[in-house]
Amino acid sequence: MRLGANLPRIGDYNELVVLQAVRQDAGISRAAIADRTGLARQTVSGLVRRLLDAGLVEAAGTEIIGRGKPRTRLRIVPAARYALGVHLDPAVATAVLLDFQGEIVDRLADAELLDADPFASTRRVAEAASALVSRNGVSPDRVVGLGVATPGPVDLAGGALITPPWLSGWDGFPVRRELAALFGGEVSFDKDTTAALVGEMWLRPGSYAAGTVLFVYLGTGIGSALGAGGEIVRGAGNAGEIGHVVVDPDGPMCPCGRRGCLGVATDPAGLVAEAVETGILRPRPGPATPRSIGLQFAELCEAAEGGAAGAAALLERVARRIAEAVRMLVGVLDAGHVVFGGPNWQRLERYCLPACEAALAETRKRWPEPTVVRGTIAGAGVGAVGAAAMVLDERFVPRASRLSAAFETERDRA
């Protein structure tokens, strides 16, 4: 929970502090907000009035404590604001419409939206996102903006992808600028692993306000994102690129010249190729694409669930490699939470969770607080949900950077 600041001219920041308190605890009263934020009760009453007038919160009954006046309970209005999110994954592009509470109002997933022509692709993506708004009868003035998540690494300042392996023709393409022109509104941009963690934080408000959280994304490739003290840690923009962490010195050769890098050791394309070579899967005709690899990887997981020993052994080996990377990263980062997500997480959960528990067993003996390992609350579409959550996060979460800006403004006016 952020503490408020009893200074003039930073009411906007304090308003977000109060809004966050309501998001974290539906049914909270004004008095409880004042106790948690450190703001004066009179200040809280004024800020709550502003939020009620803006339609962001509403009364949710009353509670009686002692002999005093009944206290009004407050909650978020889900239909107050909306955000659109798009995940440009090479296997399938996904768009979602998210309400203010973080619930998916509508979604669309289409493997045909993206191709080698980024201009045509972004036009189709913008049209698909706009269709979600119109077909659900949402007033456009309640849509805060559009968020877009792409595979990393990315150029955050330029809003562009950097050498995406499965999206030929997209290197350096200014996807944020083009979508902003087509969408006609604000566009937030980041890589999908970071967006996924933002989504997890938005849907579990307050759960990661202290300590460090590591998000591990399992999709066409593997990546991670890091949060500390409720804030995303981006580094220069691409923190979390863990593909070259060595997890198996006897593993497959990586293009970097080393063996057993996490990226190649867990690559769905490599696993599918191995499964075909060993007879676990039948080969598919035609060139390998992210879509075809995804379908074959699903077949591999189904074979393992059906009792195919070779398939299960392959996925258990992958899980041990992922768990070894998690063990190292938890030790380096002192992460109190590890959250898994991405399109392939649900298929690998039954293997990864036990492997991570075993890998972290020794570490937990030495640390006062055990690391919590779990899956994301956002489901398989966490990339798109996170993209939409980025929009809401930038607008409605009280960040330290906003408070710093408020102090600078106060200083300049003094």
| message | Checking Thr94 against Asp89 for the side chain to side chain contact (heavy atoms under 4.5 Å, CB included) test, could you report, in this order, the C-alpha distance in whole Å, the side-chain angles of both residues, the deciding distance, and whether it holds? | response | CA-CA 8 Å; Thr94 307; Asp89 186 271; over 6 Å; no

Please check: side-chain N/O of [X] versus main-chain N/O of [Y], any donor-acceptor pairing under 3.5 Å?
{"X": "Asp393", "Y": "Ala389", "result": "no"}
{"X": "Ser224", "Y": "Val216", "result": "no"}
{"X": "Asp25", "Y": "Ile28", "result": "no"}
{"X": "Arg177", "Y": "Gly158", "result": "no"}
{"X": "Lys191", "Y": "Asn238", "result": "yes"}
{"X": "Trp170", "Y": "Ala160", "result": "no"}
{"X": "Asn136", "Y": "Val138", "result": "no"}
{"X": "Arg107", "Y": "Ala95", "result": "no"}
{"X": "Arg124", "Y": "Leu114", "result": "no"}
{"X": "Ser292", "Y": "Ala288", "result": "no"}

Considering all heavy atoms of both residues, which atom of [X] and which atom of [Y] are nearest to each other, and what is their separation?
{"X": "Ala311", "Y": "Ile280", "answer": "N-CD1, 3.7 Å"}
{"X": "Leu271", "Y": "Ala265", "answer": "CD2-O, 4.5 Å"}
{"X": "Val22", "Y": "Ile76", "answer": "CG1-N, 3.8 Å"}
{"X": "Arg347", "Y": "Gly294", "answer": "NH1-O, 4.3 Å"}
{"X": "Leu84", "Y": "Val391", "answer": "O-CG2, 4.3 Å"}
{"X": "Gly85", "Y": "Leu146", "answer": "N-CD1, 4.3 Å"}

Between [Y] and [X], is there a salt bridge with N-O shorter than 4.0 Å?
{"X": "Arg176", "Y": "Glu186", "answer": "no"}
{"X": "Asp248", "Y": "Arg320", "answer": "no"}
{"X": "Glu274", "Y": "Arg317", "answer": "yes"}
{"X": "Arg327", "Y": "Glu324", "answer": "yes"}
{"X": "Asp106", "Y": "Arg135", "answer": "yes"}

| Non-neighbouring partners of Arg73 that pass side-chain hydrogen bond (donor to acceptor under 3.5 Å, both in side chains), sequence neighbours left out | Glu63

Nearest 0.5 Å please: distance from the [atom1] atom of [X] over to the [atom2] atom of [Y].
{"X": "Gln101", "Y": "Leu203", "atom1": "CD", "atom2": "CG", "result": "9.5 Å"}
{"X": "Leu197", "Y": "Asp192", "atom1": "CG", "atom2": "CG", "result": "12.0 Å"}
{"X": "Leu281", "Y": "Glu302", "atom1": "CG", "atom2": "CD", "result": "10.0 Å"}
{"X": "Glu357", "Y": "Thr371", "atom1": "CD", "atom2": "OG1", "result": "9.5 Å"}
{"X": "Glu305", "Y": "Leu315", "atom1": "CD", "atom2": "CG", "result": "9.0 Å"}
{"X": "Leu52", "Y": "Leu74", "atom1": "CG", "atom2": "CG", "result": "6.5 Å"}

| request: Would you sort out whether Asp115 and Ser121 count as a side chain to side chain donor-acceptor pair (under 3.5 Å), showing the intermediate values? | output: CA-CA 6 Å; Asp115 57 31; Ser121 297; 3.0 Å; yes

| request: Could you tell me whether Arg374 atom CZ has more than 12 heavy atoms of other residues or ligands within 6.0 Å of it? | output: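 Counting neighbours around CZ of Arg374, more than 12 heavy atoms of other residues, nucleotides or ligands fall under 6.0 Å, so yes.
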
| Quick check: are there more than 12 heavy atoms from other residues, nucleotides or ligands sitting under 6.0 Å from CD of Gln346? |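 Counting neighbours around CD of Gln346, 12 or fewer heavy atoms of other residues, nucleotides or ligands fall under 6.0 Å, so no.
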
| query | Of Val382, Val338, Thr194, Leu226, which is the lone residue that meets side-chain contact (heavy atoms from CB on, under 4.5 Å) with Phe215? | reply | Val382

| query | Between Trp345, Tyr208, Tyr217, which is the residue that forms a side-chain contact (heavy atoms from CB on, under 4.5 Å) with Val339? | reply |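 It is Tyr208; the other options fail the test.
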
| Considering residues at least two apart in sequence or located in another chain, which fulfil the salt bridge (Lys or Arg N to Asp or Glu O under 4.0 Å) criterion with Arg30? | none

So, do [X] and [Y] sit near enough that their side-chain heavy atoms are less than 4.5 Å apart?
{"X": "Leu88", "Y": "Val148", "answer": "yes"}
{"X": "Asp35", "Y": "Arg41", "answer": "yes"}
{"X": "Met328", "Y": "Val247", "answer": "yes"}
{"X": "Pro268", "Y": "Asn344", "answer": "yes"}
{"X": "Leu182", "Y": "Arg123", "answer": "yes"}
{"X": "Pro90", "Y": "Pro164", "answer": "no"}
{"X": "Leu348", "Y": "Phe340", "answer": "no"}
{"X": "Arg259", "Y": "Pro249", "answer": "no"}

| request: Apply the test side chain to side chain contact (heavy atoms under 4.5 Å, CB included) to residues Arg282 and Gln296: give CA-CA distance (whole Å), side-chain angles for both, the deciding distance (0.1 Å), then the verdict. | output: CA-CA 9 Å; Arg282 294 180 180 179; Gln296 283 188 290; over 6 Å; no

| field | Side-chain H-bond candidate by donor/acceptor type, Asp171 with Thr163, under 3.5 Å | value | no

| message | We want to know whether Glu178 and Thr122 form a side-chain donor-acceptor pair, criterion being a heavy-atom distance below 3.5 angstrom. | response |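 No, Thr122 and Glu178 have no side-chain donor paired with an acceptor closer than 3.5 Å.
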
| request: Could you check Arg234 against Asp190 for salt bridge (Lys or Arg N to Asp or Glu O under 4.0 Å), going step by step and ending with a plain yes or no? | output: CA-CA 10 Å; Arg234 289 182 171 84; Asp190 216 318; 2.7 Å; yes

| So, for Phe173 and Phe119, is the gap between ring centers shorter than 6.0 Å? |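 When the ring centroids of Phe173 and Phe119 are compared, they turn out to be within the sub-6.0 Å range.
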
| field | Ring centroid separation Phe396 to Phe100 under 6.0 Å | value | yes

| request: Apply side chain to side chain contact (heavy atoms under 4.5 Å, CB included) to Tyr82 and Val105, showing your working. | output: CA-CA 9 Å; Tyr82 297 86; Val105 178; 3.9 Å; yes

| field | Trace of the side chain to side chain contact (heavy atoms under 4.5 Å, CB included) decision for Leu314 with Thr278 | value | CA-CA 11 Å; Leu314 192 57; Thr278 55; 6.0 Å; no

| request: Could I get the full list of ring pair (Phe, Tyr, Trp, His ring centres under 6.0 Å) partners for Trp166, not counting sequence neighbours? | output: none

